[in-house]
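Reading through the structure tokens given below for one structure.
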Amino acid sequence: MATLKAVRGTRDLLPPETGLWNYVEATARAVFARYGFGEIRTPIFEDTALFARGVGEETDIVSKEMYTWQDRTRADSDSAQSLTLRPENTAGVVRAYIEHKLADTGMLQKLFYIGPQFRRERPQRGRYRQFWQIGAEVLGPAWSGADSALRDAEVLEMLSTFLNELGVKGWKLEVNSVGSSTDRPKYIAALREALAPVRDKMSADNQRRAETNPLRVLDSKDAGDQEIIDGLPKIADFLDDASKEHFGQVLAALDACGVAYTVNPRLVRGLDYYTRTTFEFTVPDGSGLGTQNALLGGGRYDGLSELLGGPKAPGIGFAIGEDRLILTLQAQEAMAKEQKLDAFVAPMGVERNAAALALAQELRRAGLSVEVGDGSFRLKKSFEAADKLARRMVIVGEDEVSSGILTVKDFSAGDQTKVPRAELASFLRA
RNA sequence: GCGGCUAUAGUUCAGUGGCAGAACGCCGCUCUGUGGCAGCGGAUGUCGUGGGUUCGAAACCCACUAGCCGCCCCA
């Protein structure tokens with residue numbers, strides 16, 4: 001029988017790496033909490049229509065990358081339901097916002113999520129078919145201030161704080177405005193018009209983009225097409241006064257907070273719902289990501305709620321590629337320090353096993369992290385096992401049990417101390 | 001989805017047609033109350049899977065699978 005393996009594009013996360021994942025997630029929770037975010041957990045699968053409408057039929061994500069199936073219990077009936085593993089989480093959050101009538105609280109909603117997403121892409125380093133995103137959304141009725149440029153800047157400032165607290169080095173923030181839901185179509189129309197006469201001169205990829213998603217031509221890497229691209233109309237010239245003012249306020253607030261950024265007029269996002277502010281955080285070459293150097297991305301989506309049949313609820317959000325963040329931290333060795341247990345309890349002889357376990361129980365109740373050896377180990381083996389796992393070793397032999405004075409070996413200092421049992425926990429904590 | 005590179009021990013890798021290897025790691029012994037050094041010994045394995053060529057294949061050919069690199073796209 002063929003051995004079973006994790007399917008293409010999926011992987012197992014094991015210790016000690018999961019320690020890093022927990023550290024990243026704990027840091028995210030702690031930072032987000034300081035900004036007033038609460039956690040939301042939405043289903044892993046949703047009605048396919050949610051993504052078709054929310055993310056956009058023509059996007060690659062929806063048109064070719066989703067895991068979609070007909071729900072079996074109703075597959076044979078007329079009401080068979082098409083379900084899809086979520087390829088991103090914003091649509092689910094907005095759906096929940098509408099479904100639970102969060103607008104009626106009148107309050108600004110600040111929600112974050114941490115969870116797996118699914119896209120059927122060709123796997124690569126930093127790109128998996130099941131991947132994790134840490135994301136957040138700020139949305140609410142206009143009177144809650146959800147459309148304020150202040151929110152955009154706050155979210156960006158929070159992200160810079162988060163990355164700095166994790167110790168990510170060399171990150172860069174690029175921002176742009178893609179305009180309101182009325183200026184964007186005008187710009188796309190102008191772009192199509194400008195592309196029509198020069199399309200044939202461009203690469204095959206860009207000819208296809210010019211047809212399907214003209215915005216994407218802008219951030220093409222094709223060197224031969226740069227001259228044409230440079231001559232295309234600029235989105236900045238199509239922003240209405242309100243969008244221009246909004247973008248200016250975002251940048252002013254970033255300046256006031258000391259968050260460094262560059263304006264990249266070619267930064268467009270692939271998902272249809274983005275309006276006004278869009279952004280991306282990247283890391284430098286050599287950060288373990290290759291060309292997948294976008295650590296996180298996001299933007300404003302003022303029309304998404306209405307698109308999904310809900311009330312007007314402007315919002316802004318982001319998604320961090322957690323897998324990529326972990327790869328970056330590993331490459332940058334931000335987590336060099338190895339986590340070791342507080343103590344290894346080494347019984348001398350199997351007849352000391354019970355006493356050793358009882359001692360371990362006592363220490364664990366005192367909040368220490370402890371591993372227990374086995375009395376059948378020779379002392380040398382105990383030393384070797386203990387040195388790998390723990391900072392100190394506690395020897396439980398005949399003398400120690402009878403006297404109540406334990407022998408503690410400190411591996412980093414290399415010395416040995418006799419400690420009365422009553423003081424052991426506090427000694428090990430030091 | 002497209003193009004390319006790769007797949008050998010737990011890990012990193014060598015091995016261009018003739019007995020399956022090295023280093024590190026692992027286990028044992030010297031050595032059952034003080035390790036890390038040293039010496040000796042041991043196990044590493046369907047050479048990714050399936051087929052083909054050949055007297056003979058880890059090696060050459062084909063297909064598949066998976067990983068990686070570059071596109072596409074995106075986090």
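Letters A, B, ... mirror the listed sequences (proteins, then strands); counts begin at 1.
In this pair, A:F32 and A:F37 present their aromatic rings tilted. The plane angle is within the 30 to 60° band. Ring pair A:F45/A:W69 is perpendicular by interplanar angle, where above 60° counts as perpendicular and below 30° as parallel.
In this structure the side chain of A:I114 reaches within 4.5 angstrom of the side chain of A:E322, judged on heavy atoms. Residues A:L139 and A:K110 have side chains not in contact (no heavy-atom distance under 4.5 Å, counting atoms from C-beta outward).
When the C1' atom is used for both B:G15 and B:A57, the distance is 13 Å, rounded to whole Å. For the P atoms, the distance linking B:U53 with B:G70 amounts to 39 Å, nearest Å. Using atom C1' as the reference point in both B:C5 and B:G48, the two lie 16 Å apart (nearest Å). If you take atom C1' in B:A58 and the same atom in B:C2, they sit 31 Å apart, rounded to whole Å. To the nearest whole angstrom, the two C1' atoms, one in B:U49 and one in B:U65, are 7 Å apart. One C1' atom belongs to B:C62, the other to B:A20, and the distance between them is 25 Å to the nearest Å. Taking atom P in both B:A23 and B:U44, one finds a spacing of 16 Å when rounded to whole Å. Remark: the separation of the P atoms in B:U54 and B:A66 is 31 Å, to the nearest Å.
For A:E384 and B:G36, the CD to P distance is 7 Å, given to the nearest whole Å. Whole-Å rounding puts the A:D12 CG to B:A66 P distance at 15 Å. Rounding to whole angstrom units, CD1 of residue A:I395 and P of B:G33 are separated by 11 Å. In this entry the distance linking CZ of A:R8 with P of B:A66 reads 5 Å, nearest Å. Taking atom CD of residue A:Q130 and atom C1' of nucleotide B:A66, one finds them 17 Å apart after rounding to whole Å. Rounding to whole angstrom units, CZ of residue A:R120 and C1' of B:A66 are separated by 14 Å. Note: CD (A:Q117) to P (B:A75) measures 11 Å, nearest angstrom. In this structure, the CG atom of A:D399 is 14 Å from the C1' atom of B:U32, given to the nearest Å.
Of the nucleotides present, none pairs with B:A14 by Watson-Crick or G-U wobble criteria with both distances under 3.5 Å. Under the Watson-Crick and G-U wobble criteria, each requiring two contacts below 3.5 Å, nucleotide B:U6 is paired to B:A66. Summarising the base pairing, B:C60 is matched to B:G52 through a Watson-Crick or G-U wobble pair whose two defining distances lie under 3.5 Å. Across every strand in view, B:U32 sits unpaired, with no contact that passes the Watson-Crick or G-U test at under 3.5 angstrom.
With respect to the salt-bridge test (charged N to carboxylate O, under 4.0 angstrom), the residues A:R11 and A:D323 qualify. One finds no salt bridge joining A:K234 and A:D237 here, because no Lys/Arg side-chain nitrogen approaches an Asp/Glu carboxylate oxygen to under 4.0 Å. Salt-bridge check for A:E39 with A:R29: passed, with a basic side-chain N closer than 4.0 Å to an acidic carboxylate O.
Among the nucleotides B:U34, B:A75, B:C26, the one closest to the side chain of A:K388 is B:C26. The side chain of A:M348 has B:G33 as its nearest neighbour among B:C68, B:A75, B:G33. Checked against B:C72, B:C68, B:G33, the side chain of A:L379 finds its nearest nucleotide in B:G33. For A:D387, the listed nucleotide lying nearest its side chain is B:G36; candidates were B:C74, B:G33, B:G36. Checked against B:G36, B:C31, B:C72, the side chain of A:R378 finds its nearest nucleotide in B:C31.
Of the possible polar contacts, none joining the A:Q133 side chain to the A:G135 backbone as a donor-acceptor pair under 3.5 Å is found.
In this structure, A:P214 and A:I188 approach most closely via the heavy-atom pair CG-CG2, 3.9 Å.
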Provide a list of protein-nucleic acid N or O atom pairs under 3.5 angstrom, restricted to nucleotides 5-10 of chain B.
none

